[in-house]
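Reckoned from all heavy atoms, side chains included, excluding hydrogens, waters and symmetry mates. Letters A, B, ... mirror the listed sequences (proteins, then strands); counts begin at 1. What you are looking at is a predicted structure, and each value in this text was computed from that prediction instead of being measured.
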There are 2 protein chains.
Amino acid sequence: MGFPERKQKILKLLDQHDNREVQEIADTLGISAITIRRDLQQLAEEGLLVRTHGGAMKAPALHPFTAFTDKATVGQERKQHIGKLAAAQVKPGDTIFLDCGSTVFAMCQHLRKTGPLRVITNSLPIVAAFMDCDQITVNLIGGEIDKERKAMHGQRALQHIDSYRGAKAFIGTDGLSLKNGLTAFSEKEASISKAMAAQADTVYLLCDSGKIGKDSYLKYAPFTIFDHLITDRQLPASTAAQLKAKGVSVMS
Amino acid sequence: MGFPERKQKILKLLDQHDNREVQEIADTLGISAITIRRDLQQLAEEGLLVRTHGGAMKAPALHPFTAFTDKATVGQERKQHIGKLAAAQVKPGDTIFLDCGSTVFAMCQHLRKTGPLRVITNSLPIVAAFMDCDQITVNLIGGEIDKERKAMHGQRALQHIDSYRGAKAFIGTDGLSLKNGLTAFSEKEASISKAMAAQADTVYLLCDSGKIGKDSYLKYAPFTIFDHLITDRQLPASTAAQLKAKGVSVMS
DNA sequence: ATCAAAACAATCAAATTCGATCAAATATAA
DNA sequence: TTATATTTGATCGAATTTGATTGTTTTGAT
């Protein structure tokens, strides 16, 4: 049994159980422990798992925007819920902007059955999600590719967005608080979200409850940029009340 | 049993079992192990499987828009040859245009080792091919997505191309003849190729010998649009002579 | 704080596999 | 037909992988 086969089996083991000891893996696969240790080191260097004393544990979710394909990510259920709610706001025939956040991405599977749509986005995963969907026309924002976020950014992308007009925009954020408004981790991404919001009649902010009350380091927009906040049921009632008092329309 | 037949059988084997050892494949097909190793190397270069020490494993799931995966086709070898020649024309630091033809796509795997590059393209498969390649910066042309061709087309895309400038352009064509010049099936695709050619200092036309002397229905450009024709060795010597007499620089 | 057991990193040897070169067989071209 | 090119198979040295042994570090309990 070669390394790749072991690699697959080890990752599969860690997918089932969250963590395994070296000896357990060695026994399961019938391979010496020293070899397993070497495998684990290699896999840890690739970031596919986290090495611990005596074993290994499943890799944590990566940067918030690279984990699109990870099904078992924490918070995925919240995102699915938000995605479903947001998708319900879209009517057949709409032209909508979608930014490149993972929460917005969760809308895609629910939008597939909505009917004919025009989607304008800078996100490659979103393009991929609609690639086999005849009813949905996709306009992709051009520009320099940010490989980590799998999206287009930059001046050219902003200009491109400004040349479109749409009924609704669905944008994400890294942080949302009464004091600082919308905050983000990435300036590039924030500027794209802002540009989309400016070209849409109605703006929906998708933000799971875990991000509400938290701030990221870059303040990029006030509350007034969006019309409706879509979040999940884990949002504390007190927080919801505070938001509503500030004039925010909250859906959950 | 020739190579194409083995190629199919090896890929079929790997499709059934996820990974096989060299010796297993050799026994199954009744071929010497050394030949199998050579086959595996070739298949690995085409990206159809992943080579490992002692065997091979199934190619990992590709991005949703990696097209042009007619795996066992014969014409693929010509395209590979042309792609290799074309890639050799690219120098580290170049900015190059790549259009969305399948022959141009064949350049990608050879470009990965060239060094730092800036690639400007309207093709999603090309984007996917360079997604994990740090040395290569990709600028994607925006516009409406043509799902069948997995590329962006339209007026906006043409404008976007006009705003760039590059050293070299590599474009494909559906037909090439002395009488009618460059001909194509798709007007959209032809206009993109033309726009890229206009913005590059040097233009390379990639065209396998099977298309030379054939016409498609849409005449879209004269011979003067390109500087060098890159084709394969199956080009009859007489045809090559005719082209050279017309002032065309032919590489094969 | 100290001690014992386990796990780790480093080095080594055996086995296997790989890559390069060469010869024979086959296919292709003139 | 002959001559050339390509493909297949074999052999040998180099490189990789695997498992064992050694001494060192970490862990957990006294």
In this structure, how many angstroms lie between the [atom2] atom of [N] and the [atom1] atom of [X], rounded?
| X | N | atom1 | atom2 | value |
| --- | --- | --- | --- | --- |
| B/Glu45 | C/dG19 | CD | C1' | 13 Å |
| B/Arg233 | D/dT4 | CZ | C1' | 14 Å |
| B/Glu5 | C/dT26 | CD | P | 17 Å |
| B/Gln23 | C/dT17 | CD | P | 8 Å |
| A/Arg20 | C/dA7 | CZ | C1' | 18 Å |
| A/Gln41 | C/dA7 | CD | P | 17 Å |
| A/Ile36 | C/dA9 | CD1 | C1' | 17 Å |
| A/Glu21 | C/dC8 | CD | C1' | 15 Å |

- Item | Nearest-nucleotide 5' precedence on DNA chain C, A/Val22 against B/Gly54 |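 That would be A/Val22.
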- What residue pairs, at least two apart or across chains, pass ring pair (Phe, Tyr, Trp, His ring centres under 6.0 Å) with a residue in residues 167-200 of chain B?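 Non-adjacent pairs meeting ring pair (Phe, Tyr, Trp, His ring centres under 6.0 Å): B/Phe170-B/Tyr204.
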- Among residues two or more places apart or on two chains, list those pairs meeting ring pair (Phe, Tyr, Trp, His ring centres under 6.0 Å) that have a residue in residues 230-252 of chain B.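 Those involving residues 230-252 of chain B do not exist here.
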- For residues B/Leu98 and B/Leu111, determine if any side-chain heavy atom of one lies less than 4.5 Å from a side-chain heavy atom of the other.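 Yes. Closest side-chain heavy atoms under 4.5 Å.
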- Query: Do B/Ser191 and B/Tyr220 have side-chain heavy atoms sitting under 4.5 Å apart?
  - Reply: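 Sidechains of B/Tyr220 and B/Ser191: no contact.
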- Residues two or more places apart in sequence or in another chain: which of them pass side-chain hydrogen bond (donor to acceptor under 3.5 Å, both in side chains) with B/Ser177?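 Per chain and number, B/Ser177 pairs via side-chain hydrogen bond (donor to acceptor under 3.5 Å, both in side chains) with B/Asp215.
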- Message: Using a 4.0 Å heavy-atom cut-off, does A/Arg51 contact any base of the nucleic acid, only the sugar-phosphate backbone, or nothing at all?
- Response: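 Counting heavy atoms under 4.0 Å across all strands, the contact made by A/Arg51 is with sugar-phosphate only.
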- Message: Angle between the two end axes of the helix from C/dA1-D/dT30 to C/dA30-D/dT1, five base pairs per end, rounded to 10 degrees?
- Response: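 So the angle between the two local helix axes works out to 40°.
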- Message: At under 4.0 Å between heavy atoms, how does the protein contact nucleotides 13-30 of chain D? Give one character per nucleotide, 5' to 3', with B, S or -.
- Response: ---SSBB------SS---
- Task: Using the salt bridge (Lys or Arg N to Asp or Glu O under 4.0 Å) rule, collect all pairs that involve residues 226-239 of chain B, keeping only residues at least two apart or in two chains.
- Result: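 Non-adjacent pairs meeting salt bridge (Lys or Arg N to Asp or Glu O under 4.0 Å): zero.
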- If you look only at pairs with a residue in residues 81-109 of chain B, which of them pass as a salt bridge (Lys or Arg N to Asp or Glu O under 4.0 Å), with sequence neighbours excluded?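 As it turns out, the salt bridge (Lys or Arg N to Asp or Glu O under 4.0 Å) pairs with a partner in residues 81-109 of chain B, which skip direct neighbours, are B/Asp94-B/Lys168.
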- Message: Which residues pass the salt bridge (Lys or Arg N to Asp or Glu O under 4.0 Å) test with B/Arg118, not counting sequence neighbours?
- Response: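 Here the qualifying residues are A/Glu144.
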All N/O donor-acceptor pairs, side-chain side in residues 196-203 of chain B, below 3.5 Å, sequence neighbours left out:
from	atom 1	to	atom 2	distance (Å)
B/Gln199	NE2	B/Asp162	OD1	3.3
B/Asp201	OD1	B/Arg165	NH2	2.9

